[in-house]
Amino acid sequence: MRTSSLAGGGLLIGFNLFQACKPKAAPPIDLAELNYNDFNAFIKIADNGAVTIFSPNPEIGQGVKTSMPMIIAEELDVSWDKVNVVQGILDNENYTRQVAGGSQSIRFGWEALRQTGATAKQMLINAAAARWGVDASECTASEGVITNSKGETLGYGDVVNDAAALEVPEEVALKEVKDFKLIGTDVGNVDIDKIVTGEPLFGLDYKADGMVYAAVVRPTTFGKKLVSYDDAAAKAMPGVIDVVKIGAKVRSLLEKDPGFSSKISTSDKVAVIAKTTWQAMKAKEAIKAEWEDDGTIDSTEEMDKALTGLLDGNRFENLRKDGNVSRAFAQADKVLERTYESPFLPHNCMEPMNFYANVTPEKVHLVGPIQTPAWKAGLVAAMLERDPSEIHLEMTRQGGGFGRRLFGDFVIEAAEIADAIKKPVKVVYSREDDMMDGIYRPAIKYRIKAGVKDGKVTAYHLKEAAINDNMYDLIPNFFPAGAIENYQVDVAKYQSKITTGAWRAPYTNFLAFAEQSFFDELAEMMEVDRVQLRLDLLQKVKGTEDERIQYSPERMEEVIKVAVEKSGWGTKPEGVYQGFVNYYCHNSHVAEVADVEIEDGSPVVKKITCVVDCGIVVNPLGAKNQAEGGVIDGIGHSMYGDYAFKDGTPMAANFDKYRLIRMKEAPVVEVHFLKNEYSPTGLGEPTLPPAGGAIANAFKAATGKRLYNQPFSKYPELLTVPEKEIIG
């Protein structure tokens with residue numbers, strides 16, 4: 001920015017933001033340019049002691065590219081300012097579970113990453129001890145320096161080559177939690193400089209010599225398939241190299257792996273190949289395609305009726321059954337039954353889908369943003385009939401995932417196109433492509449019924465009706481499983497051509513709202529305190545021998561009590577209305593309290609107090625970002641997220657018709673992490689599901705009206721405060 005006069009008067013003083021933020025000192029050594037020695041699949045060490053640590057899992061904004069190397073660096077005992085982090089490639093031999101999904105990266109990687117760092121440190125110590133001719137037990141390591149009992153020192157770089165040649169010890173000692181120096185401290189995102197300065201980092205940034213671009217004509221309606229197309233006009237446009245039809249290889253793949261058919265259209269598609277993305281996308285618009293029906297063409301209205309019919313029917317799959325709910329309901333003094341409804345939702349990642357592929361006789365080179373690299377590499381190998389060892393897949397940073405990049409239909413497209421044109425190619429979706437041909441959160445309905453006898457909850461029956469797929473089998477074992485003697489969970493599904501799949505916190509993203517709203521209403525019917533009802537139910541689970549139960553009643557009880565304390569539950573001044581929820585998912589326990597105030601006759605969310613027990617917090621700065629983001633995402637989609645289909649065609653192609661939460665609507669989010677020494681559990685998803693229930697319960701306190709369907713903004717009559725009656 002330059003110093004300049006403002007139109008309205010005054011002076012704008014310009015400065016270079018990034019230079020202004022940096023201390024005036026000699027530029028630091030570029031760790032990425034040092035000459036490193038291979039140590040193992042995770043670690044390289046340079047002669048000056050600098051360390052490169054490879055982060056194996058996909059980075060989709062959840063922070064694992066920072067936190068996973070932190071775990072290694074902690075046990076390796078190296079100073080973080082000497083660590084250079086590099087994204088690992090797909091490596092099925094040296095890495096396990098290279099997946100970004102289910103909030104499980106840190107949970108599954110915790111012990112293995114610690115062992116990696118500790119093993120490397122022990123080998124470095126052993127090498128130094130051998131050089132000194134002393135026993136390794138006489139040596140210690142700290143900040144990348146090994147010291148013996150005489151006070152002599154050697155840096156890691158001094159002995160790295162000797163250490164790498166040593167036998168790998170089978171057992172090494174891990175640090176006590178109290179001795180952690182790096183874990184539990186705030187560490188900035190390792191990619192932050194590249195993100196804010198726009199350096200190449202994401203899939204859309206990737207380029208290769210000779211690379212061309214592809215834009216794909218896909219069915220505009222779910223349930224249609226390609227009959228014919230006219231590409232004459234497109235081929236005559238500037239920059240267009242070729243137009244090819246794809247789809248045959250996908251269909252052959254689906255014969256081998258039918259399970260993938262719900263994630264990708266089986267229709268032929270038309271790929272326009274051009275020199276630039278813009279040229280490819282403009283030429284795509286000139287393709288004249290004809291389509292015909294290929295199965296049932298669904299509309300939201302008909303599917304809504306079908307889901308209700310499933311709930312009213314008796315064709316269910318039972319996922320859990322304790323006691324006898326029918327008998328308990330027959331004997332109950334009171335029964336409460338409610339139905340909750342949620343719509344389809346797109347993922348709307350900031351970075352649209354894209355992927356690079358180059359198919360040669362020697363190998364298949366794949367590069368881009370994908371949450372499940374091993375799965376996609378395997379599918380590409382099967383589709384192209386190549387040996388899996390010939391698939392080389394590199395992961396880029398991803399501009400959002402939320403489950404959309406689990407499935408990788410765009411990877412399959414890129415590979416089929418590259419195989420057809422024999423050129424390196426990048427498939428790039430427009431925003432319209434992304435929204436019109438997505439893999440959506442399925443529309444779901446829940447019906448919950450509870451029976452009360454002698455002031456106790458004696459029966460609970462949860463029914464789910466969903467599009468294409470039902471809740472995964474752990475969810476029936478979440479709270480309140482085990483707390484109610486007669487407890488049953490049944491599911492049913494309606495098959496549709498609309499592609500559906502995981503969406504951030506699958507199923508629980510809506511179920512938490514339904515269940516927690518229901519518990520609030522149940523407490524009202526029973527005329528008991530809503531928080532105490534939850535605590536009383538948890539007491540019944542303590543000491544259980546039921547191994548199916550997934551949550552800890554003790555840890556859940558603790559987050560509830562801390563949330564009550566930190567939120568000032570029940571002590572707010574007049575005009576502040578609160579809503580309470582507690583929830584368990586992705587191995588973590590969360591309680592949230594929403595503060596709502598009335599503005600212009602409607603309730604407005606002002607603050608969320610969020611208490612989380614996710615075990616040891618590796619990077620509090622990143623963890624806080626995740627927790628806050630999950631809460632805001634949960635509020636936004638509960639309030640505004642709506643997506644519909646008319647005769648198989650999506651009704652929104654861009655953000656002009658699809659409403660997201662806006663900055664001014666985001667409340668203050670106050671996050672508290674419980675401190676303990678449990679191994680880390682999930683965090684990318686667990687704070688999202690409770691948010692909808694927290695604000696719905698607060699809205700009820702403010703308006704006296706219950707919400708049963710999302711998005712809430714679709715029902716403005718339920719979001720208004722009744723006018724007070726004027727007497728006299």
Side-chain angles (χ1 to χ4, degrees), residues 58-61 87 89-90 100 191 194-195 198-218 239 241 244 246 250 263-265 269-285 346-359 364-373 375-377 379-380 383 391-421 423-439 499 501 653-655:
E59 174 59 69
I60 56 174
Q87 176 67 60
I89 65 170
L90 175 64
D191 284 334
K194 290 184 177 180
I195 292 171
E199 289 187 48
L201 185 63
F202 296 90
L204 282 174
D205 299 324
Y206 184 81
K207 291 181 174 62
D209 291 342
M211 185 181 83
V212 295
Y213 294 86
V216 180
V217 179
R218 305 174 182 87
I241 298 169
V244 297
I246 60 170
V250 166
K263 312 304 178 192
I264 191 168
S265 171
K269 303 170 187 175
V270 183
V272 178
I273 315 301
K275 295 178 181 178
T276 69
T277 305
W278 180 249
Q279 290 170 335
M281 289 182 175
K282 293 304 291 182
K284 170 190 161 185
E285 295 174 4
H347 293 82
N348 284 320
C349 308
M350 184 64 73
E351 177 193 21
M353 300 305 107
N354 66 91
F355 223 80
Y356 167 88
N358 187 20
V359 178
V364 178
H365 187 196
L366 304 171
V367 185
I370 180 67
Q371 292 180 240
T372 50
W375 182 22
K376 295 300 96 57
L379 286 176
V380 169
M383 181 179 71
I391 311 298
H392 176 82
L393 191 149
E394 300 174 34
M395 292 166 277
T396 61
R397 190 178 181 93
Q398 302 171 48
F402 315 116
R404 176 64 182 93
R405 288 187 161 98
L406 285 171
F407 306 107
D409 45 312
F410 44 93
V411 182
I412 303 303
E413 283 183 354
E416 188 173 9
I417 294 168
D419 186 57
I421 67 174
K423 290 184 175 69
V425 63
K426 184 194 287 187
V427 170
V428 180
Y429 283 44
S430 66
R431 178 60 60 192
E432 289 77 9
D433 292 334
D434 223 15
M435 291 185 69
M436 298 286 282
D437 191 53
I439 295 178
T499 48
N654 213 315
F655 295 124

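With sequence neighbours left out, the side chain to side chain donor-acceptor pair (under 3.5 Å) criterion links Gln279 to Thr276. For Lys269, the salt bridge (Lys or Arg N to Asp or Glu O under 4.0 Å) partners are Glu413, not counting sequence neighbours. With sequence neighbours left out, the side chain to side chain donor-acceptor pair (under 3.5 Å) criterion links Thr372 to Lys376. Taking the side chain to side chain contact (heavy atoms under 4.5 Å, CB included) definition, one finds that Ala420 meets it with nothing, sequence neighbours left out.
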(message) Go through it in stages, so that I can follow the logic: the residues are Asn348 and Asp434, the test is side-chain contact (heavy atoms from CB on, under 4.5 Å), and I'd like the CA-CA distance, side-chain angles, deciding distance and then a yes or no.
(response) CA-CA 7 Å; Asn348 284 320; Asp434 223 15; 5.9 Å; no
(request) Just do the side-chain contact (heavy atoms from CB on, under 4.5 Å) check on Ile60 and Arg405 with the steps written out, would you? (result) CA-CA 9 Å; Ile60 56 174; Arg405 288 187 161 98; 5.5 Å; no
(message) Show, in sequence, the C-alpha distance, side-chain angles and deciding distance for Ile412 and Val380, and conclude whether the side-chain contact (heavy atoms from CB on, under 4.5 Å) test is met.
(response) CA-CA 6 Å; Ile412 303 303; Val380 169; 4.0 Å; yes
(request) Carefully, step by step, assess Leu90 and Glu394 under the rule side-chain contact (heavy atoms from CB on, under 4.5 Å). (result) CA-CA 6 Å; Leu90 175 64; Glu394 300 174 34; over 6 Å; no
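A side-chain donor-acceptor contact under 3.5 Å links Glu351 to the backbone of Leu204.
The aromatic rings of His365 and His392 sit tilted relative to each other, their planes meeting at an angle between 30° and 60°.
If you take CG on Asn354 and CZ on Phe410, they are separated by 7.5 Å, rounding to the nearest 0.5 Å. Atom NE2 in His347 sits 8.5 Å away from atom CE in Met353 (nearest 0.5 Å). Remark: Gln371 CD to Phe407 CZ distance equals 8.5 Å, nearest 0.5 Å. Glu285 contributes atom CD, which lies 8.5 Å from atom OG of Ser430 (distance to the nearest 0.5 angstrom). Residue Leu393 holds its CG atom at 8.0 Å from CD1 of Ile370, rounded to the nearest 0.5 Å. The OG1 atom of Thr499 sits 6.0 Å away from atom CG of Asp437, with the distance rounded to the nearest 0.5 Å.
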May I have the list of side-chain donor-acceptor pairs in residues 205-217 shorter than 3.5 Å, sequence neighbours left out?
unit_1: Asp205; atom_1: OD2; unit_2: Leu201; atom_2: N; d: 2.8
unit_1: Asp205; atom_1: OD2; unit_2: Phe202; atom_2: N; d: 2.9

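Cation-pi check for Lys426 over Tyr356 is not met; the charged atom does not lie both under 6.0 angstrom from the ring centroid and within 45 degrees of its normal.
Closest non-hydrogen pair, Ser265 versus Val250, comes out as O-CG1, 4.2 Å. Scanning both residues, Ala280 and Ala274, for their nearest heavy atoms gives N-CB, 3.5 Å.
Here side-chain hydrogen bond (donor to acceptor under 3.5 Å, both in side chains) pairs that include residues 395-404, with residues two or more places apart or in two chains, are Asp191-Arg397, Arg404-Asp409.
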